[in-house]
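First up is the structure itself, then whatever we jot down about it.
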Amino acid sequence: MTKLLEIDGIDVFYGASQVLFEVGLAVEPGQTMALMGRNGAGKSTTFKAICGVVPARRGTIRFKGRPIQALSPERIARGGIGYVPEDRQVFPDHTVDDNLRIGAKPGPNGQRYWTLERIYEVFPILAERRDRLAGKMSGGEQQMLTIARGLMGNPELILLDEPSEGLAPIIVQRIGELIRELRESGVSILMAEQNMHFCLKVATHSTIVDKGEIRFSGTIDELRRNEEVKSRYLSV
């Protein structure tokens with residue numbers, strides 16, 4: 001199967017400090033790939049390299065077979081990659097409806113699968129709060145809003161950075177259900193997570209990064225059976 005996203009041997013530096021060492025991973029269409037690792041392992045930096053926020057000094061990043069590492073973040077976004085950062089960056093003084101409209105654009109091929117109507121079907125809690133200021137919502141509601149706003153750009157691949165972080169267990173469960181629903185609707189997902197139990201329930205594949213290096217890559221079932229990898233790289 002043709003890879004949707006393919007990262008091959010990227011090195012990333014912050015100043016003189018190297019933080020990613022020959023990192024590689026691949027996401028195929030329809031997969032939910034969990035990029036897992038402890039805090040500070042390199043997950044968010046990998047996302048920023050994919051989106052063009054930080055440059056990869058070596059290696060290649062391909063999306064739909066085309067190199068993208070030299071492109072601006074705007075061109076990468078227009079090309080079909082949506083990015084939901086970890087800190088729930090809503091526009092607090094705008095309503096839910098306004099936040100969604102701000103993110104609205106057709107996909108790279110002009111597709112408009114994700115419309116306001118479709119978003120409100122999939123996220124009924126947002127439909128109920130469409131006139132509420134985003135800054136007045138709970139953390140879980142803001143997380144759903146940022147994911148929904150990312151979908152309004154009609155991406156072919158959406159990057160979710162720590163979607164379960166800091167949320168109550170019942171909200172984490174709902175986010176997990178939502179991710180499964182998105183996969184069933186055909187959305188390809190790459191999510192950065194340190195919550196192993198959450199990933200085991202919602203992901204199809206896993207790549208583990210530790211100290212800026214890839215330590216494991218395989219299906220979620222292979223990870224589930226690999227006690228050594230889980231103990232060495234994921235236990236707190």
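In what follows, residues are counted from 1 in the order of the sequence shown.
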Would you say [X] and [Y] make side-chain contact, with heavy atoms under 4.5 Å?
| X | Y | value |
| --- | --- | --- |
| Ile81 | Ile68 | yes |
| Leu145 | Met137 | yes |
| Ile171 | Gln143 | no |
| Ile10 | Thr60 | no |

Determine, for [X] against [Y], whether the closest basic-nitrogen to carboxylate-oxygen distance falls under 4.0 angstrom.
| X | Y | answer |
| --- | --- | --- |
| Lys230 | Glu227 | yes |
| Lys43 | Asp161 | no |
| Arg101 | Asp97 | yes |

Any idea which heavy atoms bring [X] and [Y] closest together, and the distance?
| X | Y | value |
| --- | --- | --- |
| Asp93 | Leu133 | O-CD2, 3.5 Å |
| Leu234 | Gly37 | CD2-N, 3.9 Å |
| Met191 | Phe47 | C-CZ, 3.7 Å |
| Gly82 | Pro155 | N-CB, 3.5 Å |
| Ser231 | Arg38 | O-NH2, 3.9 Å |
| Gln31 | Ala26 | OE1-O, 4.0 Å |

Ignoring hydrogens and angles, tell me if any N or O in the side chain of [X] forms a donor-acceptor pair with the backbone of [Y] under 3.5 Å.
| X | Y | answer |
| --- | --- | --- |
| Gln111 | Asn109 | yes |
| Glu213 | Asp210 | no |
| Gln69 | Ile61 | yes |
| Arg225 | Ile220 | no |
| Arg62 | Asp8 | no |
| Asn226 | Glu222 | no |
| Ser185 | Leu182 | yes |
| Glu22 | Gly24 | no |
| Asn154 | Lys105 | yes |

Salt bridge (Lys or Arg N to Asp or Glu O under 4.0 Å) evaluation trace for Glu228 with Arg232: CA-CA 6 Å; Glu228 180 184 356; Arg232 180 174 296 181; 3.0 Å; yes

Pairs satisfying side-chain hydrogen bond (donor to acceptor under 3.5 Å, both in side chains), at least one member in residues 191-204, at least two apart: Ser164-Glu193

Cluster check [X], [Y]: I/L/V/M/F/W/Y, side chain < 4.5 angstrom:
| X | Y | value |
| --- | --- | --- |
| Phe123 | Tyr120 | yes |
| Phe198 | Val209 | no |
| Met33 | Val187 | no |

Residues in side-chain hydrogen bond (donor to acceptor under 3.5 Å, both in side chains) contact with Tyr233, at least two apart in sequence or another chain: none

Partner set under side-chain hydrogen bond (donor to acceptor under 3.5 Å, both in side chains) for Ser188, not counting sequence neighbours: none

Gap between atom CD1 of Ile189 and atom OG1 of Thr32 - 0.5 Å precision: 4.0 Å

Nearest-0.5 Å distance, CG of residue Leu160 to CG of residue Leu190: 8.5 Å

Pairs satisfying salt bridge (charged side-chain N to carboxylate O under 4.0 Å, His left out), at least one member in residues 64-86, at least two apart: Lys64-Glu156

Pairs where residues 132-150 contributes a residue and the test salt bridge (charged side-chain N to carboxylate O under 4.0 Å, His left out) is met, not counting sequence neighbours: Arg129-Glu141

Residues that, via side-chain heavy atoms closer than 4.5 angstrom, fall in one hydrophobic cluster with Phe91: Ile102

Residue pair Leu200, Arg224: steps toward the side chain to side chain contact (heavy atoms under 4.5 Å, CB included) verdict: CA-CA 7 Å; Leu200 291 175; Arg224 188 177 285 113; 4.0 Å; yes

Arg180 and Glu177: CA distance, side-chain angles, deciding distance, salt bridge (Lys or Arg N to Asp or Glu O under 4.0 Å) verdict: CA-CA 5 Å; Arg180 286 190 290 268; Glu177 292 169 355; 5.1 Å; no

